[in-house]
Amino acid sequence: EFPGSALRRCFNIHEYQAKGLLASAGLKTFAGAVASTPEEAFVGAARVGTEGLSGKYVIKAQIHAGGRGLGHFKGGLQGGVHLCSTPDQAAEYARQMLGDVLVTKQTGPEGKLVRKVYLEDCAPIKRELYLSIIMDRSAGGPCLIASTEGGVDIETVAEHTPERIFTIPVDIRTGLTKPVAMDLAMKLGFTRQLDQVAGEMIKLYELFISKDATMIEVNPFVELESGEAVCVDAKFGFDDNAEFRQPQVFALRDPEEEDPREIEASKWGLNYVGLDGDVGCLVNGAGLAMATMDEIHLFGGEPANFLDLGGAASEQTVREAIKIITQDAAVKAVFINIFGGIVDTAMVARAVIAAVESIPDFKLPLVVRLEGNNADLGKQLLRESTLNITPASSLAEGAQLAVAAARSA
């Protein structure tokens, strides 16, 4: 497992927005311009051609997914990244990209609609490297990951040539020091401009901390013929819990790129992640939610979502959670698994009854397991309701019943 792959709530930004954050922190980037129309692409290309170092530029589709260069548009254009030499050529590529759906290995077959393109100077590059900073659970804090193999998936490098990856935990109390950054620069093969390269690494780390990021991935992190380092392509992830102190960062959020169910869930303080299965899950507690998903897998099913109500659940949040789960057309059964410590299971039962009664023609089979705080009253309320509910006495039984219900639906 690659470091930092634990499930967490975070949101992403577009590449052009990431470049703006890098530039604001004093990191070296190439000249660029964002466009929403072919006409804007023409003007942006002309400006980049004047301000840049090469006179040529790359046009890149802006979506929240990797693998754009190897992707394809449903309209027929191959690749979401193209080299241009004139503003007219940039405008023509923009015409083909904008409003079309780009399919990559990360989007799935449905792909993502392209609403913006980014034009960037195509300066001569000596080498492509990889540099990222993540919050690594195993290291207990920030961790730098760097490699001499840039411009490719780091997971592929980790699988085939792990010796080319350098992993450096950073003490959050001291931060990334210059000696450590200089040492990493030399390990990556830099022989000139070491102060500048180390300085870029330190600026990137300081940006990571100051913006409450969960990840900054620069791929490629390039060396120019001059020996200087430049951030060419960057991805950011931010902790949703930091929204209250990062309003400028969270203003960059693009709701059109996110699952509308996840957006709705965040409004109610729910931890929701959409998945590909057909058994909807409503659970309180992240650990129990993960265990519930594991049990569904064990009995041959696939969970449709991760949903943690949290300890501060109310009747309203339970009702909204059920509505969000049932918006997924793939859901064929719902498993409600509540272990009441702080949460009153009778309150959950009342909320489930109210939510289901408020949804017209609700026909999904419900499997409910209630244990703990006020569970006897909660079970009584469910029994006395007119709903088609299958009770479960244990996690295993509930998962098995839910999988069977989904299969027979």
Side-chain angles (χ1 to χ4, degrees), residues 1-6 10 12-13 15 18-19 21-23 25-30 66-67 69 123-238:
E1 183 178 1
F2 199 71
S5 61
C10 62
N12 302 311
I13 60 176
E15 177 189 357
K19 293 295 178 60
L21 286 178
L22 293 173
L27 283 128
K28 190 174 181 65
T29 60
F30 292 142
I125 292 171
K126 181 180 178 181
R127 290 191 304 146
E128 294 188 354
L129 305 102
Y130 175 93
L131 179 65
S132 70
I133 306 174
I134 63 170
M135 279 295 184
D136 183 18
R137 186 184 298 272
S138 61
C143 186
L144 263 72
I145 300 174
S147 175
T148 54
E149 305 299 309
V152 297
D153 290 336
I154 192 63
E155 291 83 2
T156 302
V157 180
E159 181 180 357
H160 297 291
T161 53
E163 71 278 2
R164 297 178 184 175
I165 294 179
F166 305 98
T167 303
I168 302 175
V170 179
D171 187 332
I172 201 165
R173 294 166 297 185
T174 59
L176 180 60
T177 62
K178 187 172 182 179
V180 172
M182 292 277 282
D183 181 65
L184 179 57
M186 288 186 285
K187 287 179 179 177
L188 291 175
F190 287 94
T191 57
R192 299 179 292 159
Q193 303 283 358
L194 286 173
D195 280 343
Q196 187 267 344
V197 177
E200 296 294 288
M201 294 178 179
I202 292 170
K203 289 175 187 175
L204 193 69
Y205 175 82
E206 291 173 346
L207 178 64
F208 176 87
I209 295 297
S210 67
K211 299 300 183 183
D212 288 302
T214 56
M215 175 200 73
I216 301 179
E217 182 183 56
V218 181
N219 188 18
F221 180 65
V222 306
E223 180 183 10
L224 304 182
E225 291 294 340
S226 65
E228 290 183 302
V230 179
C231 299
V232 173
D233 196 357
K235 294 179 184 177
F236 281 69
F238 301 93

Separation between CG (L176) and CD1 (I168), nearest 0.5 Å, reads 8.0 Å
Inset, instruction - Carefully, step by step, assess V170 and I172 under the rule side chain to side chain contact (heavy atoms under 4.5 Å, CB included). - result: CA-CA 6 Å; V170 179; I172 201 165; over 6 Å; no
What one should report as the nearest heavy-atom pair of P142 and I209 is CG-CD1, 4.2 Å
- Query: Backbone N or O of D153 within a donor-acceptor pair of the N219 side chain at under 3.5 Å?
  - Reply: no
Closest non-hydrogen atoms of E149 and Y130, given as atom of the first, atom of the second and distance, are O-CB, 3.8 Å
Counting only N and O atoms by type, is there a donor-acceptor contact under 3.5 Å from the side chain of D171 to the main-chain atoms of R173? yes
Check: T29 side chain, C231 main-chain N or O, donor-acceptor pair, under 3.5 Å:
no
Between the CG atom in L27 and the CD atom in E206, the distance rounded to the nearest 0.5 Å is 9.5 Å
Review point. Do the numbers put R127 on top of the ring of F190, so that NZ or CZ is under 6.0 Å from the six-membered ring centre and no more than 45° off the axis?
Key: yes
d(I154 CD1, S132 OG) to nearest 0.5 Å is 7.0 Å
Next on the checklist: Using side chain to side chain contact (heavy atoms under 4.5 Å, CB included), reason through F166 and I145 one step at a time and then give a plain yes or no.
Outcome noted: CA-CA 6 Å; F166 305 98; I145 300 174; over 6 Å; no
Residues at least two apart in sequence or cross-chain that pass side-chain hydrogen bond (donor to acceptor under 3.5 Å, both in side chains) with E15, listed by chain then number, are K19, K60, Q62, R68
Residues pairing under salt bridge (Lys or Arg N to Asp or Glu O under 4.0 Å) where one sits in residues 211-220, two or more places apart or in two chains, turn out to be D212-R245
Here the pair of heavy atoms bringing F208 nearest to I133 is CE1-O, 3.5 Å
Nearest heavy-atom approach of P169 to A139 is CB-CB, 4.2 Å
Output for pair (R192 CZ, S226 OG), nearest 0.5 Å, gives 6.5 Å
When you compare the side chain of D233 with that of V218, does any pair of heavy atoms fall below 4.5 Å?
no
Heavy-atom closest pair (I125 atom, V222 atom, distance to 0.1 Å) is CG2-CB, 3.7 Å
Check: Is it true that a side-chain atom of T161 and a backbone atom of E163 form a donor plus acceptor pair closer than 3.5 Å?
Finding: no
Residues passing the side-chain hydrogen bond (donor to acceptor under 3.5 Å, both in side chains) test with E128, sequence neighbours excluded, are none
Which of N12, I13, T214 passes side chain to side chain contact (heavy atoms under 4.5 Å, CB included) with F236? It is I13
Closest non-hydrogen contact found for L129 with S147 is CB-O, 3.4 Å
Yes or no on side chain to side chain contact (heavy atoms under 4.5 Å, CB included) for M182 and D195, after CA distance, side-chain angles and deciding distance?
-> CA-CA 7 Å; M182 292 277 282; D195 280 343; 3.8 Å; yes
Next item on the list: Begin with the C-alpha distance, continue with both residues' side-chain angles, and end with the deciding distance and a verdict on side chain to side chain contact (heavy atoms under 4.5 Å, CB included) for E223 and E228.
Entry: CA-CA 6 Å; E223 180 183 10; E228 290 183 302; over 6 Å; no
inquiry  = Just so I know, are the side chains of K235 and I216 near enough to count as touching, which here means a heavy-atom distance under 4.5 Å?
reply    = no
Can you check whether K126 reaches L224 side chain to side chain, under 4.5 Å on heavy atoms? no
Q. Would you call E200-K203 a salt bridge at under 4.0 Å N-O?
A. yes
